[in-house]
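Since this is a predicted model, take the numbers as computed values, not measurements. Residues: numbered from 1 along the sequence shown. In listed order, ligands and their atoms are each counted from 1.
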Amino acid sequence: MVSAEPHIVDIPKICDPRGNLSFIQDGDKLPFEIARVYWIYDVPAGRVRHGHAFRSQSELIVALSGSFDVVTELPGGEKGKFHLARPFEGLFLPPMVWREITGFSTNSVAMVLSSELYDEGDYIRDHNLFMTMSRHGKD
Ligand code: TYD
């Protein structure tokens, strides 16, 4: 079942004196099956990534290293902000959530699990269009 609200998902953490280990696998509390993984890194200070919504794909964003903020806007206009800094938690984002990733710390790495293969047609990159679609339904 896909939840309609962005929320933090706990990821298993295996603590070990040699260093900790976390993992994600299909069937483990993730609200979707993983079709694609990508990661964002080497972000210069002050730059913003994302700045779009998706028509149908869901994502889980994990701060593998460092920290950043994910600023969200729901179709009803409600705004949220999630500070990600721990590799054992992820932010679940369902479709039709406008999102921007800001405040990247030095050497941060954002890993993103997606429910779909890359498809430019799934992007809503125009915020005015996002607001119009939010008001009228995405079809
Ligand atoms: P984009 O999704 O716009 O970046 P951001 O995560 O900041 O929103 O992607 C930037 C470029 O990379 C764009 O030209 C599309 C390409 N791209 C792929 O080819 N495959 C992918 O899986 C992703 C996420 C992006």
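- Using cut-offs of 30° and 60° for the angle between ring planes, the Trp98 and Phe130 rings count as tilted.
- Side-chain atoms of Ser65 never come within 3.5 Å of backbone atoms of Ser108 as a donor-acceptor pair (strictly under, hydrogens ignored).
- A salt bridge between Glu120 and Arg125 is present, with a side-chain N of the basic residue lying under 4.0 Å from a carboxylate O of the acidic one.
- Of the possible polar contacts, one joining the Arg55 side chain to the Gly121 backbone as a donor-acceptor pair under 3.5 Å is found.
- The side-chain heavy atoms of Arg86 and Lys13, taken from C-beta on, include no pair separated by under 4.5 Å.
- When only interatomic distances are considered, the shortest N/O to N/O separation between His50 and ligand 1 falls below 3.5 Å.
- Scanning all protein heavy atoms for the shortest distance to atom 15 (C) of ligand 1 gives Tyr118 OH, 3.2 Å.
- Within the 4.0 Å heavy-atom shell around ligand 1 one does not find Glu120.
- Of the possible donor and acceptor atoms, one in the side chain of Arg99 sits under 3.5 Å from a partner among the backbone N and O of Val97.
- For atom 10 (C) of ligand 1, the nearest non-hydrogen atom of the protein is Arg49 NH2, 4.0 Å.
- Of all protein heavy atoms, the one lying nearest to atom 22 (O) of ligand 1 is Arg36 NH1, 2.5 Å.
- Close approach of ligand 1 to Ile40 is summarised as follows: ligand atoms under 4.0 Å from at least one heavy atom of the residue are 6 (O).
- For atom 24 (C) of ligand 1, a protein non-hydrogen atom is found at a distance below 4.0 Å.
- Considering only non-hydrogen protein atoms, atom 2 (O) of ligand 1 sits nearest to Tyr123 OH, 2.5 Å.
- Not one N or O on the side chain of Ser67 forms a donor-acceptor pair closer than 3.5 Å with the backbone of Ser105.
- Close approach to His52 involves these atoms of ligand 1, each under 4.0 Å from a residue heavy atom: 8 (O).
- At a threshold of 4.5 Å between non-hydrogen side-chain atoms, the residues Val70 and Leu93 count as touching.
- Neither the backbone nor the side chain of Glu59 comes within 4.0 Å of ligand 1, counting heavy atoms alone.
- The ligand atoms of ligand 1 that sit less than 4.0 angstrom from a heavy atom of Tyr38 are 24 (C).
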